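First comes the structure, then the notes that go with it.
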Amino acid sequence: MHTVSIKITDNNNVEVKTSGLDYQQFLQVVLTAIEGAADTLIREAKKHVDEVPDIEQQCRDALFDLTNMAFS
């Protein structure tokens with residue numbers, strides 16, 4: 001069995017513990033979770049396209065920038 005535990009402490013530090021995962025497997029889990037969260041964010045944002053016509057592109061741009069910053 002493989003597990004990933006992510007804990008956000010009161011002072012906003014992130015603690016990650018894994019069991020049974022090598023580095024590549026862990027990265028795959030993290031990137032899959034990010035992809036799912038991004039898809040959900042964009043899907044929800046599209047509901048507000050009447051208020052902000054280019055909201056989908058704004059979300060995609062922001063996610064791209066955040067991803068680049070996180071992995072640089």
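For clarity, every value in this text was computed on a predicted model and none was experimentally measured. The chain is numbered in sequence order, starting from 1.
Distance check, rounded to the nearest 0.5 Å: OG1 of Thr67 to CG of Leu31 gives 9.0 Å. Here CG of Leu63 is found 11.0 Å from CG of Asn68. Values are rounded to the nearest 0.5 Å. Going from atom CD1 of Ile6 over to atom CD1 of Ile8 covers 8.0 Å, rounded to the nearest 0.5 Å. Note: Cys59 SG to Asp39 CG = 11.5 Å, rounded to the nearest 0.5 Å.
Between Leu21 and Val4, the shortest heavy-atom distance links the atoms CD1-CG2, 3.2 Å.
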**Message:** As a quick check of understanding, evaluate side-chain contact (heavy atoms from CB on, under 4.5 Å) for Thr40 and Ile42, giving each step before the final call.
**Reply:** CA-CA 5 Å; Thr40 300; Ile42 291 168; over 6 Å; no
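Remark: Lys47 engages Glu44 in a side chain to side chain donor-acceptor pair (under 3.5 Å) (not counting sequence neighbours).
The list of side-chain hydrogen bond (donor to acceptor under 3.5 Å, both in side chains) pairs with a residue in residues 22-32, not counting sequence neighbours, reads Gln28-Thr32.
Here the rule is side-chain hydrogen bond (donor to acceptor under 3.5 Å, both in side chains) with Arg60, and of Glu56, Gln58, Gln57 only Glu56 fits it.
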Can you give me every donor-acceptor pair (side chain of residues 10-19, partner residue at least two apart or in another chain, under 3.5 Å) with its distance?
unit_1 : atom_1 : unit_2 : atom_2 : d
Asn11  : OD1    : Thr9   : OG1    : 2.4
Asn11  : OD1    : Asn13  : ND2    : 3.3

